[in-house]
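Below: one structure in structure tokens.
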Amino acid sequence: MIDRLGLALLHRLDPERAHGLALTALSAGIGPRGGPVTSPRLRTRLAGLDLPNPVGLAAGFDKNATALLPLSRCAFGFLEVGAATPQPQPGNPRPRLFRLTEDRAAINRFGFNNDGAEVIADRLAQRPDGAVIGLNLGANKDSADRAADFVSVLTACGAHVDFATVNVSSPNTERLRELQGPAALGALLSGVLAARDALPRRIPVFLKIAPDLSAEDLEQIAAAAGGVDAIIASNTTLDRTSLTSPQRDEAGGLSGQPLFERSTRILARLSTLTDLPLIGVGGVATAEQAYAKIRAGASAVQLYTALVYEGISLPVRILRGLEALLERDGFDNVSQAVGTDRDRWL
């Protein structure tokens, strides 16, 4: 009931203002008071990380790490904050976030708006005990050396997180996706991994890719990504096929339900090209969709846009449903289900 009332209020507001109010409400204690949902069937291991469950919060919801404690109580198995850039930046002009209610989707063109690595590092240093928290690394829009920006953020924040994600797939920073090319990606990852190795403790590094990739692109990325610990598939899409909402032609990255099939097919194809663990993102709003991503090849999943339409109690509902699905199909642990229905998506 609280979710329904809260969503009704938030949906009367401008989407970005509603997002900020949701974070403020969580920080004020309006929201779940428990912790990660877990069980022997849901506990899993991802790139050396012990997770209470395989459902995480995707980057972008808490860009500036301002709500770490309340979010750690919202049932998620892990959290990803950011993206953070070396210097603070305001991002693109407003309006830059749009609800596509008819499509259960969103379009954003934020442009890596954030408080900067130094401020975010201070907040991460005060993180809650026991939570698994990662940081999405970004580059400043006006940077002369974007590869160096990723290294700079990791150096500033890496001691305070459990994993870091190299984000070369946002469509909202001009020419950022060019870093997905094999030569540029190889050089970028080499620098990031060297910075990781210089941290006080070793943390896994993930790579987040776009869904708008050809089969050849995927092969090249899989070959260049050999040094990372996992791949996140995928970020938002530029595709606008079959949308019905009035805001469908807004510039920016599309997330939510229209991305589910596209991102799941990318995930399944990628699982045939690499032995790295994969994290499935894009259109997860139900237990069945989380399960489909896992059976397509994901060791874990992340969600964000579905919270706009389903509320902060959604992770609990997904995890309860996921456990029931695993039990129904005879899996003692979620890891046993990974990739068992991959061929359906190829």
(request) Group every Ile, Leu, Val, Met, Phe, Trp and Tyr by side-chain heavy-atom contacts under 4.5 Å, then state whether L267 and V334 land in the same group. (result) yes
(message) For the CZ atom of F78 and the CG atom of L49, what is their distance to the nearest 0.5 Å?
(response) 9.0 Å
(request) Indicate yes or no: at least one non-hydrogen side-chain atom of L188 is less than 4.5 angstrom from one of V168. (result)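 With C-beta onward as the side chain, the pair touches.
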(message) For L51, is there any backbone N or O sitting under 3.5 Å from a side-chain donor or acceptor partner on R45?
(response) no
(request) Compare every heavy atom of A121 with every heavy atom of H160, then report the nearest pair and how far apart it is. (result) CD2-O, 3.6 Å
(request) Treating Ile, Leu, Val, Met, Phe, Trp and Tyr as nodes and any side-chain heavy-atom pair under 4.5 angstrom as an edge, say whether F76 and L69 lie in one connected cluster. (result) no
(message) Taking CD in Q87 as the centre, count heavy atoms belonging to other residues, nucleotides or ligands within less than 6.0 Å. Is the count above 12?
(response)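 Open.
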(message) I want to check something: taking the side chain as every heavy atom from C-beta on, are I221 and L185 in contact at a cut-off of under 4.5 Å?
(response) yes
(message) Within this structure, what is the CG-OG1 distance for the pair D329 and T340, rounded to the nearest 0.5 Å?
(response) 8.0 Å
(request) Could you name each residue pair satisfying salt bridge (charged side-chain N to carboxylate O under 4.0 Å, His left out) that touches residues 55-83, not counting sequence neighbours? (result)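 Qualifying pairs: none.
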(message) Taking the basic N atoms (NZ, or NE/NH1/NH2) and the acidic carboxylate oxygens, is any pair closer than 4.0 Å for D229 and R202?
(response) yes
(request) Decide yes or no for V81 and L68: does some side-chain heavy atom of the first lie under 4.5 Å from some side-chain heavy atom of the second? (result)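 With C-beta onward as the side chain, the pair touches.
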(request) Apply side-chain contact (heavy atoms from CB on, under 4.5 Å) to L207 and V166, showing your working. (result) CA-CA 5 Å; L207 172 66; V166 177; 4.3 Å; yes
(message) Testing the basics here: between A225 and L189, what is the closest heavy-atom pair and its distance to 0.1 Å?
(response)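 What the structure gives for the nearest pair is CA-CD1, 4.0 Å.
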(message) Donor-acceptor check, side chain of H19 to backbone of V308, threshold 3.5 angstrom: yes or no?
(response) no
(message) Distance alone, cut at 3.5 Å: any donor-acceptor contact between the side chains of K293 and S263?
(response) yes
(message) Tell me if the CZ atom of R12 is crowded by more than 12 foreign heavy atoms within 6.0 Å.
(response)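 Counting neighbours around CZ of R12, 12 or fewer heavy atoms of other residues, nucleotides or ligands fall under 6.0 Å, so no.
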(request) Could you name each residue pair satisfying ring-ring contact (aromatic ring centres under 6.0 Å, His included) that touches residues 199-239, not counting sequence neighbours? (result) F163-F206
(message) Please evaluate residues L124 and V161 with respect to the criterion side-chain contact (heavy atoms from CB on, under 4.5 Å), reporting the C-alpha separation (whole Å), side-chain torsions for both, the decisive distance (0.1 Å), and the verdict.
(response) CA-CA 7 Å; L124 288 168; V161 295; 3.7 Å; yes
(request) May I ask you to test the N333-P40 pair for a side-chain heavy-atom distance under 4.5 Å? (result)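 A side-chain contact is absent here, since even the closest heavy-atom pair is not under 4.5 Å.
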(message) Using only atom types and a distance under 3.5 Å, with no angle test, would you say the side chain of R96 pairs donor to acceptor with the backbone of N92?
(response) yes
(request) Indicate yes or no: at least one non-hydrogen side-chain atom of V55 is less than 4.5 angstrom from one of L319. (result)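 Side-chain contact under 4.5 Å: yes.
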(message) What verdict does the side-chain contact (heavy atoms from CB on, under 4.5 Å) test give for I318 and T286, after you've listed the backbone C-alpha separation in whole Å, the side-chain angles of each residue and the deciding distance to 0.1 Å?
(response) CA-CA 6 Å; I318 287 178; T286 66; 5.6 Å; no
(message) Pairing donors with acceptors under 3.5 angstrom, does anything connect the side chains of Q257 and Q289?
(response) yes
(request) Evaluate whether atom CZ of R33 has more than 12 neighbouring non-hydrogen atoms of other residues, nucleotides or ligands under 6.0 angstrom away. (result) no
(request) Give a yes or no on whether the backbone of L97 and the side-chain of E16 come within a donor-acceptor separation of less than 3.5 Å. (result)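 No.
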(message) Is there a side-chain contact between N64 and R123 in this structure, where contact means two heavy atoms from C-beta onward sitting under 4.5 Å apart?
(response)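 Side-chain contact under 4.5 Å: yes.
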(message) Treating S190 as the side-chain partner and A187 as the backbone partner, does any N or O pair qualify as donor plus acceptor under 3.5 Å?
(response) no
(request) Identify the two heavy atoms, one from A131 and one from D162, that lie closest to each other, and give their separation to 0.1 Å. (result) O-OD2, 3.4 Å
(request) Output yes when a side-chain donor or acceptor of R269 lies under 3.5 Å from a complementary backbone atom of L346, and no otherwise. (result) no
(message) Looking at D103 and A105, would you say the former's side chain and the latter's main chain have a donor-acceptor pair under 3.5 Å?
(response)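 A pair under 3.5 Å: no.
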(request) State, to 0.1 Å, how close L46 and P277 come at their nearest heavy-atom pair, and which atoms those are. (result)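 Looking at all heavy atoms of both residues, the shortest contact is CD1-CB, 3.8 Å.
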(message) Using only atom types and a distance under 3.5 Å, with no angle test, would you say the side chain of K208 pairs donor to acceptor with the backbone of N136?
(response)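 Checking the backbone N and O of N136 against the side chain of K208, no donor-acceptor pair under 3.5 Å is found.
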(request) Report yes if some heavy atom in the side chain of L307 is under 4.5 Å from a heavy atom in the side chain of L303; otherwise report no. (result) yes
(request) List, by chain and then residue number, the residues other than F260 in its hydrophobic cluster (Ile/Leu/Val/Met/Phe/Trp/Tyr, side-chain heavy atoms under 4.5 Å); write none if there are no others. (result) W345
(message) Under a 3.5 Å distance rule, please check whether R240 uses its side chain to pair with a backbone N or O of E250 as donor and acceptor.
(response)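 Yes, because the side chain of R240 sits within donor-acceptor range (under 3.5 Å) of the backbone of E250.
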(request) Output, in order, the C-alpha distance, side-chain angles, deciding distance and verdict of salt bridge (charged side-chain N to carboxylate O under 4.0 Å, His left out) for R317 and E310. (result) CA-CA 10 Å; R317 302 200 302 272; E310 301 294 336; 3.3 Å; yes
(request) For the pair D212 and T237, evaluate side-chain hydrogen bond (donor to acceptor under 3.5 Å, both in side chains) and give the outcome as yes or no after the intermediate values. (result) CA-CA 6 Å; D212 308 316; T237 181; 2.6 Å; yes
(message) Applying the side chain to side chain donor-acceptor pair (under 3.5 Å) criterion to Q89, which one of N114, N140, N113 satisfies it?
(response)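 Testing each of N114, N140, N113 against Q89, the sole residue satisfying side chain to side chain donor-acceptor pair (under 3.5 Å) is N140.
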(request) Could you state whether L137 and I232 fall into the same hydrophobic cluster, counting links through intermediate Ile, Leu, Val, Met, Phe, Trp or Tyr residues with side-chain heavy atoms under 4.5 angstrom apart? (result)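 Unlinked, L137 and I232 end up in two clusters.
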(message) With no hydrogens and no angle check, just 3.5 Å: does a side-chain donor-acceptor pair link T241 and D239?
(response)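 The answer is yes; a qualifying pair exists.
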(request) With the side chain counted from C-beta on, respond yes when P246 and E102 share a heavy-atom pair under 4.5 Å apart, and no when they do not. (result) yes
(request) Consider only side-chain heavy atoms of I, L, V, M, F, W and Y, link residues closer than 4.5 Å, and tell whether V281 and F61 are in one cluster. (result) no
(message) I'd like to know whether CG of D197 has more than 12 heavy-atom contacts from other residues, nucleotides or ligands below 6.0 angstrom.
(response)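 Counting other residues, nucleotides and ligands, CG of D197 exceeds 12 neighbours.
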(request) Salt-bridge test for D14 and R99: reply yes if a basic N is under 4.0 Å from a carboxylate O, no otherwise. (result)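 So D14 does not pair with R99 through a salt bridge.
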(request) Tell me whether the guanidinium CZ or amine NZ of R146 lies under 6.0 angstrom from the six-membered ring centre of F150 and within 45° of its axis. (result)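 Verdict for F150: no cation-pi partner in R146.
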(request) Look up atom CG in D341 and atom OG1 in T264, then write down how far apart they are to the nearest 0.5 Å. (result)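 Rounded to the nearest 0.5 Å, the CG-OG1 separation comes to 11.0 Å.
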(message) Distance check, rounded to the nearest 0.5 Å: L270 atom CG versus R342 atom CZ?
(response) 10.5 Å
(request) Would you sort out whether S152 and D149 count as a side-chain hydrogen bond (donor to acceptor under 3.5 Å, both in side chains), showing the intermediate values? (result) CA-CA 5 Å; S152 175; D149 279 14; over 6 Å; no
(request) Would you tell me whether S170 and N167 have side-chain atoms, one donor and one acceptor, within less than 3.5 Å of each other? (result)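 No, N167 and S170 have no side-chain donor paired with an acceptor closer than 3.5 Å.
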(request) State whether the side chain of R295 and the backbone N or O of A292 hold a donor-acceptor pair below 3.5 Å, judged by distance alone. (result) no
(message) Please say yes or no: joined through hydrophobic side-chain contacts below 4.5 Å, possibly via intermediate residues, are V316 and L7 part of one cluster?
(response) no
